[in-house]
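No experiment lies behind these values; they were computed from the predicted model shown.
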Amino acid sequence: MRLDKYICESTSLTRSLAKKALHRGDVTCDGKVIKDSGFKVTDKQVICLEGEPLSVIGPRFIMLNKPLDTICSTIDEEYPSVLGLLDVVKADELHIAGRLDVDTTGLVLITNDGQWSHKITSPKKECGKRYLLETAEPLKQEWVEEFALGLQLNNEDGLTKPAILEILGSHQARLTITEGKYHQVKRMLAAVGNCVTKLHRESVGEIELDEDLASGEWRYLTEAEIKSVR
Ligand code: URA
């Protein structure tokens, strides 16, 4: 790889800033100052910028415990984006694999790997998302079957895919769905005449929200968690 490209892929510098750093003599390759942007490097060489060793940023996979009143898109005038909670370089290259509403908390997966996130969000892949929810009105046992058979949502053609509703208390349930329609969980409860008052995502596929992550905290996924998305 060209040295200027290597610098761009391992820092937040643009190509022109990388070239300037090279011309200033701030970059070394195995201890020798290199000023040529086109100099070819391999991953066996130690490249330093201002004395700090660099390594190319490859695919990244992150889980974050989303707090209330944050959004999963980048621009909003009222609420901050969850991406602002990540202190990583090149955060602008990351995207969210399955967004949550501003008033939903819990597991958010963030990556720069589009193929990986497609496996999570594509309805064809049937990746289960499990939510813990609370409702304004009491839950009815008969809804377990209705959710399993599929519900007719407002302004949608066809029924929702089979969902697993597990009633935990008069106003609390777990719901697992394999689609990600707009406001899907809230609309499913609305379809049976109820209203979601609290919503928290516990898991996506086999990836469970790490209990050690306080609200707003994040960590990189393990190899096993990354590979579990197929
Ligand atoms: N369903 C919703 O209604 N909201 C979410 O944030 C996620 C799923």
Would E202 and R174 pass as an ion pair if we require N to O under 4.0 Å?
-> yes
Exercise answer: donor-acceptor pairs, residues 58-69 side-chain atoms, under 3.5 Å, sequence neighbours excluded:
| residue | atom | partner | partner atom | Å |
| --- | --- | --- | --- | --- |
| R60 | NH1 | V89 | O | 2.7 |
| R60 | NH2 | V89 | O | 3.3 |
| R60 | NH2 | K90 | O | 3.0 |
| N65 | ND2 | L213 | O | 2.9 |
| K66 | NZ | T70 | O | 2.9 |
| K66 | NZ | T70 | OG1 | 3.3 |
| K66 | NZ | D101 | O | 3.0 |
| K66 | NZ | V102 | O | 3.2 |
| K66 | NZ | T104 | O | 2.7 |

Could you verify whether a donor N or O on one side chain and an acceptor N or O on the other, from H200 and T105, lie under 3.5 Å apart?
-> yes
T111-H95 side chain donor-acceptor pair, cut-off 3.5 Å | no
Do K186 and D103 sit within salt-bridge range, that is, some charged N less than 4.0 Å from a carboxylate O?
-> yes
Separation between OG (S73) and CD1 (I96), nearest 0.5 Å, reads 7.5 Å
Please list all pairs passing the ring-ring contact (aromatic ring centres under 6.0 Å, His included) test where one or both residues lie in residues 211-230, with sequence neighbours left out.
-> W218-Y220
Is any side-chain heavy atom of Q184 closer than 4.5 Å to a side-chain heavy atom of T160?
-> yes
Roughly how far, to the nearest 0.5 Å, is the CG atom of N194 from the CE atom of M188?
-> 13.0 Å
Residues that D26 engages under side-chain contact (heavy atoms from CB on, under 4.5 Å), provided they are two or more places apart | A21, R24, L49, E50
Does the distance from a Lys or Arg side-chain N to an Asp or Glu carboxylate O, for K119 and E126, drop under 4.0 Å?
-> no
Can you tell me how far the CG atom of L22 sits from the NZ atom of K19, to the nearest 0.5 Å?
-> 9.0 Å
Distance-only, no hydrogens or angles: does the R15 side chain make a donor-acceptor pair with backbone N or O of C8 under 3.5 Å?
-> no
May I ask you to test the E208-R130 pair for a side-chain heavy-atom distance under 4.5 Å?
-> yes
